[in-house]
2 protein chains.
Amino acid sequence: MTASTLSEVAKLAGVSPATASRVLNGSARTPAPEIAERVRQAADTLGYIANAQAQALAKSSTGLIGLIVHDIADPYFSAIAQGVQAAARQERRMVLLATTNGTPAEEKEAVAAFAARRAESIVIAGSRSTRSEDARANTELAAELDRYCRNGGRVGVVGQAILGVAETDNYRTIAVPNEQLARDLARDLARTHKGPFVIVAGPEGLTTSDERVTGFQRGLSDAGQPAADVVHVPFNRNGGFDAGIELAWRIKASGQPVPEPRLCIFATNDVMAIGVAAALRDQGLRIPHDASLAGFDDIQWLRDFRPALSTVSLPLEEIGRLATIATLSDDGGPAAVAGSVTLRRSTGSS
Amino acid sequence: MTASTLSEVAKLAGVSPATASRVLNGSARTPAPEIAERVRQAADTLGYIANAQAQALAKSSTGLIGLIVHDIADPYFSAIAQGVQAAARQERRMVLLATTNGTPAEEKEAVAAFAARRAESIVIAGSRSTRSEDARANTELAAELDRYCRNGGRVGVVGQAILGVAETDNYRTIAVPNEQLARDLARDLARTHKGPFVIVAGPEGLTTSDERVTGFQRGLSDAGQPAADVVHVPFNRNGGFDAGIELAWRIKASGQPVPEPRLCIFATNDVMAIGVAAALRDQGLRIPHDASLAGFDDIQWLRDFRPALSTVSLPLEEIGRLATIATLSDDGGPAAVAGSVTLRRSTGSS
DNA sequence: ATGCATTGGGAATGCGCTTTCCCACCTCAT
DNA sequence: ATGAGGTGGGAAAGCGCATTCCCAATGCAT
């Protein structure tokens with residue numbers, strides 16, 4: 001990387017570096033038009049591009065935003081990333097990306113890396129974990145974030161707060177009413193489903209999934225229904241698929257030819273729901289004929305899936321945008337986001 | 001951002017900054033164990049995190065990789081991003097993300113921004129455009145890239161080369177045999193489909209789509225079939241949907257109740273194909289009963305879609321990885337990637 | 001014509017770090 | 001005991017830029 005420097009430009013233009021800096025990178029003081037033009041010419045012929053590193057060092061402000069997600073290929077995260085990116089562009093920042101597979105240990109590493117790069121703010125998306133094997137890493141993550149915040153960094157986290165981080169102005173969380181929405185969903189479903197409910201959830205200790213489970217159970221209870229069975233599998237499509245295979249078995253064993261009342265399956269996110277659907281289909285079961293199915297998130301790419309998936313709509317891109325803006329502005333904008341139950345054909349609606 | 005500095009650590013440890021630097025950030029010279037330990041202690045109590053900006057300035061190497069995509073929320077791009085991210089992590093680099101909506105003008109901006117940040121390499125994904133209104137921006141993009149390369153930056157581009165950039169060692173392109181694969185697909189389809197073919201393509205001038213169209217036509221010709229009609233729509237789900245509505249009309253007008261031979265639709269990417277499928281379904285048509293449908297890319301999230309989509313599989317993540325590695329290593333690793341025709345139920349196969 | 005305020009360019013300093021160069025000290029062979 | 005060679009820490013010079021401070025030149029009022 002041997003690009004030309006400011007002083008080369010200055011020399012060519014016959015001015016001091018100070019003057020060149022003033023004309024090329026907006027300053028309060030504006031040199032004379034004629035000089036400015038000469039500098040610009042020089043910069044142009046040399047193909048000068050300011051060294052952002054050096055500028056950052058001098059001004060101590062980098063224009064960098066760090067984004068941490070579990071998996072950028074997951075549509076849930078890529079939708080959020082889209083929002084972050086949009087907000088960043090609007091605020092003339094660049095985004096630094098890190099993926100962590102959801103492990104707090106890697107999240108901590110990412111925070112440290114962002115801190116080293118002096119990112120002005122960090123947006124963290126993806127469920128927290130309360131599993132005991134993650135406890136230690138979680139503590140370290142919290143410590144790292146805490147240090148980052150104390151040094152003036154700002155962080156916005158999507159969903160749940162990270163335990164152990166001092167709640168300062170530098171630390172915002174965009175609340176996602178997982179529990180409430182799952183509760184709403186359960187109540188809506190209970191209106192038309194008397195049958196047994198079962199929840200296909202992520203690993204125990206994955207906060208997002210846990211919240212949705214809790215909310216759903218509460219909703220069932222509100223409706224006077226008994227609690228649902230919960231099966232825990234990996235929080236992805238294949239986890240859903242595996243659970244689906246087992247559920248298909250249960251369904252087939254429970255009644256012939258169509259068990260009544262039909263099983264109603266709630267998967268704690270859409271991609272798991274898709275996995276469940278694929279498994280049921282593989283086993284010759286039809287949705288919603290043989291079982292009802294609902295998901296959570298309302299992933300855009302799944303809208304053309306059939307039967308159309310009942311789910312809870314979340315403004316994913318907006319969430320990314322809000323989290324980003326929250327870390328950039330001082331006013332406490334909306335720190336929460338709204339979602340809505342969206343019933344479709346997979347639960348026999350519409 | 002008021003983090004503690006190296007010299008603060010040094011002072012606390014009672015050594016010179018040089019020594020502190022040597023122990024904290026790997027150097028050829030290793031200070032005495034006892035001193036090293038003292039420095040490490042000091043760093044720890046101060047919560048020292050090296051300023052990567054300053055390091056970059058001093059060493060002139062940033063450890064940054066720039067990634068340019070059209071739209072990070074598009075599964076095609078997020079799969080590639082996944083690969084880039086994986087390779088970057090493996091090579092201990094961070095990735096800087098930019099989305100451009102596919103416009104060369106924004107791509108140019110992104111390249112300039114990356115150049116300013118002194119990214120060591122840039123990976124560009126997403127179809128080129130040969131549309132006349134993009135000509136000017138393309139030239140500017142090429143100039144920007146050229147300058148970047150001359151300054152020692154390395155770039156890897158997925159798919160087609162960007163015209164006007166000098167082909168140096170710093171500039172690699174990962175070839176995707178779009179044309180050949182589309183040709184293979186056409187030939188395979190022609191084996192079972194005698195019916196009229198129609199291609200739902202992206203805007204004219206979008207190289208990726210154009211290549212796939214050309215290849216498909218060539219394949220039809222190989223099989224002794226007349227050329228397919230081509231309809232141009234936006235290169236996304238909604239473009240496909242719109243085309244699908246029109247095609248449904250055509251199909252219904254052409255015969256009752258089931259037109260024979262059935263129309264065979266080739267959409268130049270999977271998400272368009274999904275749009276087509278949704279439209280046909282909306283219009284009461286069934287796939288493959290009333291028409292066959294094939295896409296391109298084999299997007300992971302669409303595998304559970306039914307009818308299963310015939311398509312051309314591309315190792316998207318691998319492509320991202322290769323493009324990244326190519327910009328990092330000097331040996332000319334594989335500069336091309338293989339794909340394969342994958343026939344599924346949407347064309348009546350299996 | 002003189003003094004003062006104002007304008008605008010340049011010199012110099014520092015951002016936080018790496019690295020070269022220097023030097024004091026020590027070891028060992030003679 | 002003396003000099004060569006080696007070891008390891010520190011001083012200092014940048015890396016490329018922003019910015020403060022200084023100063024010459026200019027404008028204006030008196």
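Below, read A as the first sequence line, B as the second, and so on, with proteins coming before strands; counting in each chain starts at 1.
In this structure a side-chain-to-backbone donor-acceptor pair under 3.5 Å is missing from A:S7 to A:A10.
Within a 6.0 Å sphere centred on CD of B:E109, heavy atoms belonging to other residues, nucleotides or ligands number 12 at most.
For the helix from C:dA1-D:dT30 to C:dT30-D:dA1, the axis fitted to the five pairs at one end and the axis fitted to the five pairs at the other end meet at an angle of 50° (nearest 10 degrees).
Scanning both residues, B:C149 and B:N170, for their nearest heavy atoms gives O-ND2, 3.1 Å. Across every non-hydrogen atom of B:A119 and B:Y148, the tightest pair is O-OH, 2.6 Å. What you find for B:V158 and B:Y76 is that their closest heavy atoms are CG1-OH, 4.5 Å.
Regarding contacts with the backbone of C:dC17, every side-chain N or O of B:N25 stays at 4.0 angstrom or more from both OP1 and OP2.
Less than 4.0 Å separates DNA chain D from at least one heavy atom of each of the following residues of residues 47-55 of chain A: A:Y48, A:A50, A:N51, A:A54, A:Q55. Within residues 12-23 of chain B, the residues that place at least one heavy atom under 4.0 Å from DNA chain C are, in residue-number order, B:A18, B:S21, B:R22.
Exactly one residue among A:D134, A:T207, A:T208 makes a side chain to side chain donor-acceptor pair (under 3.5 Å) with A:S129. That residue is A:D134. Partner A:V23 forms a side chain to side chain contact (heavy atoms under 4.5 Å, CB included) with one of A:R38, A:R40, A:E37 and no other, that one being A:R40.
To the nearest angstrom, P of C:dC15 lies 16 Å from CG of A:N151. For A:I35 and C:dG8, the CD1 to C1' distance is 8 Å, given to the nearest whole Å. Rounded to an integer number of Å, the gap from B:R117 CZ to D:dC15 P is 22 Å. Here the P atom of nucleotide D:dC15 and the CD atom of A:E8 are 10 Å apart, to the nearest Å. If you take NZ of B:K59 and C1' of C:dT18, they are 8 Å apart, rounded to a whole angstrom. What separates CG of A:L6 from C1' of D:dG14 is a distance of 16 Å, to the nearest Å. Distance A:L57 CG to D:dT19 P: 12 Å, rounded to the nearest Å. In this structure, the CG atom of A:L24 is 13 Å from the C1' atom of D:dA18, given to the nearest Å.
The residues B:E318 and B:R321 are annotated as salt-bridged, a charged nitrogen and a carboxylate oxygen being separated by less than 4.0 angstrom. Residues B:E120 and B:R93 are paired through a salt bridge, judged by an N-O separation under 4.0 Å between the basic side chain and the carboxylate.
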Trace of the side chain to side chain contact (heavy atoms under 4.5 Å, CB included) decision for B:V123 with B:V155 = CA-CA 6 Å; B:V123 172; B:V155 359; over 6 Å; no
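For the atom pair CD of B:E106 and OG1 of B:T103, the computed distance is 3.5 Å after rounding to the nearest 0.5 Å.
Listed candidates were D:dG16, D:dG14, C:dT19. Nearest to the side chain of A:T5 is D:dG16.
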